[in-house]
Colleague: 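Starting off with a structure, shown below.
Below, read A as the first sequence line, B as the second, and so on, with proteins coming before strands; counting in each chain starts at 1. Computed from a predicted structure; not experimentally measured.
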Number of protein chains: 2
Amino acid sequence: MNSGQVDYFFDYVSAYSYLVNGQVEKLEGAKVIYRPMLLGAVMQATGNRPPGAVAVKGKYLLADLKRWAKRYGIPLRFNSVFPQNTMKALRLSIAAQRRGVFHEIHPAFFEAMFVHDLDLSDSDVLAKIISDAGLDAGVLMSDIESESIKDELKKNTEEAIRRGTFGAPTFFVGDEMFFGNDRLEFIQEALQRDD
Amino acid sequence: MNSGQVDYFFDYVSAYSYLVNGQVEKLEGAKVIYRPMLLGAVMQATGNRPPGAVAVKGKYLLADLKRWAKRYGIPLRFNSVFPQNTMKALRLSIAAQRRGVFHEIHPAFFEAMFVHDLDLSDSDVLAKIISDAGLDAGVLMSDIESESIKDELKKNTEEAIRRGTFGAPTFFVGDEMFFGNDRLEFIQEALQRDD
């Protein structure tokens, strides 16, 4: 058996990341490493374009996202401010990882974006999401002013690009890359393979 | 129940169409209508780009295609001449439909492209594929000079674009569109839904 490590690169701006987020812990034998990254920087570095750049593709994706939300049994409501700058939210998730409270706040950021129609670029909105999750907003908001946390987000993003990422969500099992919410079965197979 | 009709738009140049082609008849209660279309014209009309336009995406797709081929238990060998002009092959598949011999020749065109490394833009190659399938190559090759067959390919392509297609394979159940080889479960659900 391999180590079971799954590197899971995501951004709160990615609807397919929101969809898959509740599914990744269901992978058997997986040790999921959550890797916040800036999707915009990945798109720019690779020359990839958001699906909405092709009008009919954007329209189709809305229907596809709804089908997956229904399949997973989760709510989905498109945000009225889109796309958003998720830099601060991603830094907050790194700060929360360091303080051991990541899982208390991480799903809340996704739900803020794809269920509650909130603006994650707004510091007041972020602080309220954190408080509502029962955490100390002041501590985390002050954490993300540190260069160390800014650097970690940059390094995550650079690593994702170096390893071949062109969108989100992207998963790695060793050197094998998997893109999208709809490749979990292949990831499970990779985890069960002897290396 | 709905009518069970599934419009299946494909092009022999599309690797994901090749992959799914052996799966579509497994849809329960489906009446599959095979609709050859010119993928290049669809891309041009919608502003969509082939995945290989983003280098890392192209590289990933090769790995993804191999995973699906393994899952389906079919061979896959990338063609040394790619992309190819599949206009004549698509017209031949329409001619074969009219003569009631479509299923004798249709899989052979896909295999010529994605298993046997043949050049489908070459009339001699096409004639040999047809003969090897036990059909009269002269008859079909002469059929595709007719305006009526050229028109049908044009009309298929225009209809695909009008209905929202941006790639291949694309399926329709009524007004519902499904893109890719990996949406068969959603198509099955749509077929089983009461309209």
Colleague: How close do A/N48 and B/V54 get, counting heavy atoms only, and between which atoms?
Modeller: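 Looking at all heavy atoms of both residues, the shortest contact is CA-CG2, 3.7 Å.
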
Colleague: For B/R49, which atoms come within 4.5 Å of any heavy atom of chain A: side chain, backbone, both, or neither?
Modeller: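 It is both, since atoms from each part get that close.
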
Colleague: For the CZ atom of B/F186 and the NZ atom of A/K70, what is their distance to the nearest 0.5 Å?
Modeller: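 With rounding to 0.5 Å, CZ (B/F186) is 9.5 Å from NZ (A/K70).
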
Colleague: Near B/E185 CD, under 6.0 Å, is it more than 12 heavy atoms from other residues, nucleotides or ligands?
Modeller: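 Check fails, neighbour count at 12 or below.
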
Colleague: Counting heavy-atom pairs under 4.5 Å with chain A, which one of B/E189, B/E176, B/K57 comes out on top?
Modeller: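 Of B/E189, B/E176, B/K57, B/K57 has the most heavy-atom pairs under 4.5 Å with chain A.
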
Colleague: Please determine whether residues B/V32 and B/F102 belong to a single hydrophobic cluster, defined as Ile, Leu, Val, Met, Phe, Trp and Tyr linked transitively by side-chain heavy-atom distances below 4.5 Å.
Modeller: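 In one cluster: yes.
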
Colleague: Are more than 12 heavy atoms from other residues, nucleotides or ligands located less than 6.0 Å from atom NZ of A/K66?
Modeller: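 12 or below, so no.
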
Colleague: Taking everything shown except B/Q44 itself, do over 12 heavy atoms lie less than 6.0 Å from its CD?
Modeller: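 Result for CD/B/Q44: open.
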
Colleague: To the closest 0.5 Å, what do you measure between CZ (A/R67) and CZ (B/R183)?
Modeller: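 It comes to 8.5 Å.
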
Colleague: For B/E28, does the CD atom sit with more than 12 other heavy atoms under 6.0 Å from it, leaving out its own atoms?
Modeller: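 No.
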
Colleague: Could you check whether any side-chain N or O of B/Y60 sits under 3.5 Å from a backbone N or O of A/F179, counting only pairs where one atom can act as donor and the other as acceptor?
Modeller: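 Confirmed, B/Y60 side chain pairs with A/F179 backbone.
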
